[in-house]
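Convention: sequence-line order gives letters A, B, ...; per-chain numbering from 1.
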Amino acid sequence: MKKYIPNHIENKWQQRWGKDNLYFTDLQKTGQKFYCLVELAYSSGDLHMGHWFTFTMGDILARFKRMQGFNVLLPNGFDAFGLPAENAAIKRGIHPQDWTMSNITRMKQQFTTMGASFDWEKSTISCLPEYYRWNQWIFLKMYEKGLAYRGKTYSSWCPSCQTVVAEENVEAGKCWRCETEVIQKEVEQWFLKITAYADDLLWSEPPEVAWPKSLRESQNAWIGKSKGALIKFPLAAQKNQFIEIFTTRPDTIYGATFLIINPEHPLLKQLLASKHHQEVAEYVIQASKKSEQERKENKEKSGVFTGSFVTNPLTHQQIPIWVADYVLPGYGTGAIMAVPAHDQRDFDFAKKFGLEIVPVIDSGQAEQLAGLPFTGEGKLINSQQFDDLTSKKAAQEITDHLHSLGLGEHQTTYHLHDWSISRQRYWGTPIPFVYCDKCGLVPVPEKDLPVELPYKVDYTPQGKPPLATAEQWVNVDCPQCGGSAKRETETMDGFMDNSWYFFRYLDPHNEHKIFDQELISKWMPLEIYIGGAEHTLGHALYSRFFTKFFHDLGLVKFTEYAEKRLHHGLILGVDGTKMSKSKGNVVNPDEQVKLYGADAIRTYLAFLGPFDIVAPWDPNGVGGVFHFLERVWNLQDKVSKNEKLSKEDYYQMHKTIKKVTDDIETMKNNTAVAALMEWLNFLSKKTAVSLVEYEKFLLLLSPFAPHLTEEVWQQLGQAYSIHQQDWPQAEEKYLQAAEVKIAVMIDGKLRAQLVIDYDIVNKETDVVSQALKLEKISKLLLNKDLKRKIYVSGKVVNFVTQLT
RNA sequence: GCCGAAGUGGCGGAAUGGUAUACGCGGUAGUCUCAAAAACUACUAGUCGCAAGGCUGUGUGGGUUCGACUCCCACCUUCGGCACCA
């Protein structure tokens, strides 16, 4: 027999599978479908170990389901637009498109060496017009529905990338791509009104689909729905002028002893007519200098008195207006009523500046007696006609009362902001709008899509969008009046591309529609979506938003696109830290393939630990798995066609079939591989192995090691391909061992073992009397008073002599 | 601070409330060899003991139970996430 040398067989089978189109999925076929989705890769040019890990897990599940008779779709595509392409191109002088497309060619080759069962006919590349024209189409539809609009706000701006960075892509005050500190800059840009879906995006309990709890709770927190009231506080000096505040605790209004506005508040200029002018102006300047990050980090309260007063609409007292940067411009109305007795921050502020503290909720608790703020709910005090009401009731009644005075209303606010989608860069989907001198902003008609990205532009950053340099492209006739107009030169955020790609996988080349609705209703929602937890507040939220939008357009019938989402783990470098080029601890999959072959790497990644594991790459571990595969290969020597199976042989075989089946189903690949190793250890001890056993073994191993199993399968003279065989079935009648080991305990402590025939496993009296006869047990029980006998079928006998 | 997940050998990790440490790595000894590597075999939680055997052990302290890694309460630590959100 030949030695197991992966490099001699893997390439051969990869080519054969490709030639035979073995993993082609007929979407029209009837029968149960299984759509297995893995988050698509960015076309960076190199497949790293993280890709291997994630895609291998998807591939194992897909292969398993296919053998179980499901019509499985395992597609793959490329996230191809975005800054890295543009930056790499600027650095190396290659056009982003050429850079991207050659990367994709290379990565496809790397994906092939993985031996994964992708159906490459169902694939998308986001930088191709046949894909991004539908980004434009979606954008126009959103515009039609009032969900895409042009707005002006302060946004995080990356000076290095020369573009707006979405809030959820700002990490610790730095740009997620280049790690330059972002600044706040007022820019006009396109927004998608994701806030219109805030309530729809909130997860209910229990959830409609099986998505991770951590994701659901993070998304809910990010959406940040809170109910409260808008209340107008009349300015003391000017009649009919108000400061409007938002509060979640209108019940505490009688305790509002001052009011705070943020330093950027529009009313502030008006208020600066007092003697405090200088001090306030200085504070505002100081606050504007602080970066968002500093403001958040420094929790020491700061602020100044404006010199002006408002009237508390219910106590009718004049209360001072302060400016403080702990009140944020982007939330609520940017102004608060401060209730120091019942809010920690207001309390800290009041203490620091010696402001009045009036308790209005009776907590009956010690903190309050000790003069600390009580932030919970309770019964009202010091609140005139509302005294003795509970917080909940009072909140309702006080808001209603304010409403009748024309000074308040019920209000719900959200933390979620609209999605700023325009980028002042080249390598992205052109936004399909033109600016006409006569007609203003005009959408490009649907029939004129796609608005193709011009190839020839100057994409080096100069403070204006690169597309503005493509003059021929920019100057167009207005679709409405035919007069001269200019194209929008901003492009779309790359997150737009990957918010809906899994719909397009099902119908990637459709020229007439975004997708065929019948195909979608047949194949979606998809069964499982494997991806990273880092996309919780980005991609995983946007894609749900798009699905709900498609639903409202009448394109799809469901409101969640994936029945299940699973977060994958992370493979660290050998040193236990995150792999990075600068640290030089990157484990290159291509090199590992050369050393051990794809099968060993796949199986090692599966065996490493639970699916969500964060663990370092262990070179010895791969070696161990390679050794396992080698032993499987060498077992051929022992195979005999005539070998009869004992009861124990059948038991081991079916026990393993059951375990591997259950484990792959629940994505516990590590214990599935361990079960195969155990069975191999058992088979290796036998003098001969039957063909039946060996075949079953190969079938069970085939999702993990597709090349080796295919090769041995062929050598055994079996029909091609092993990957088209039926998955083995565990039979109940074989799932009983011949003998059962029972633990015998006295007072819960293990004292002996009893081996019984399987036949008497359910006969309690027989088992107990056999246990009592054991020499060791009878000796230990000699002078003891046996109070209870407990028998757990097939597991344990416990003799209790002491009852507490 | 808040939210989420998790703490088990030298290491990665197994265990429907029922014999803790499966499987793999690493280690020790042996077989084979002139030797080494590879392969194979045995052992490998700590501790007392020549042994038989005992005791202690799943982050800490309590609790429930005949029996707890598993369930409950309190605490500690680590990892991941977050928004001074009124």
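If you check every strand for non-hydrogen atoms under 4.0 Å, A:Pro610 touches sugar and phosphate atoms only. No engagement by A:Thr536 is indicated, since no non-hydrogen atom pair under 4.0 Å with the nucleic acid exists. Within 4.0 Å (heavy atoms only), A:Gln753 reaches at least one base atom of the nucleic acid. Nucleic acid contact class of A:Lys776 (heavy atoms, under 4.0 Å, all strands): sugar-phosphate only. If you check every strand for non-hydrogen atoms under 4.0 Å, A:Asp348 touches nothing. Across all strands, A:Gly224 comes closer than 4.0 Å to base atoms (heavy-atom distances). A:Arg751 comes within 4.0 angstrom of sugar-phosphate atoms only, judged by non-hydrogen atoms across all strands, and of no base. Nucleic acid contact for A:Ile790: base, since at least one base atom lies under 4.0 Å from a heavy atom of the residue. Residue-level contact check: A:Leu215 touches neither bases nor backbone, having no heavy atom under 4.0 Å from any strand. Among the heavy atoms of the strands lying under 4.0 Å from A:Asn670 are primed sugar atoms or P, OP1, OP2 only; no base atom is included.
Partner assigned to B:C75 is B:G59, using Watson-Crick or G-U wobble distances below 3.5 angstrom.
The aromatic rings of A:Tyr4 and A:Trp633 lie tilted to each other, with the angle between the two planes from 30° to 60°.
No donor-acceptor contact under 3.5 Å links the side chain of A:Asn620 to the base of B:C25. Below the 3.5 angstrom threshold, one finds no donor paired with an acceptor across the side chain of A:Lys789 and the base of B:C66.
In this model, the phosphate group of B:G24 is not approached by any side-chain N or O of A:Tyr604 to a distance below 4.0 Å at OP1 or OP2.
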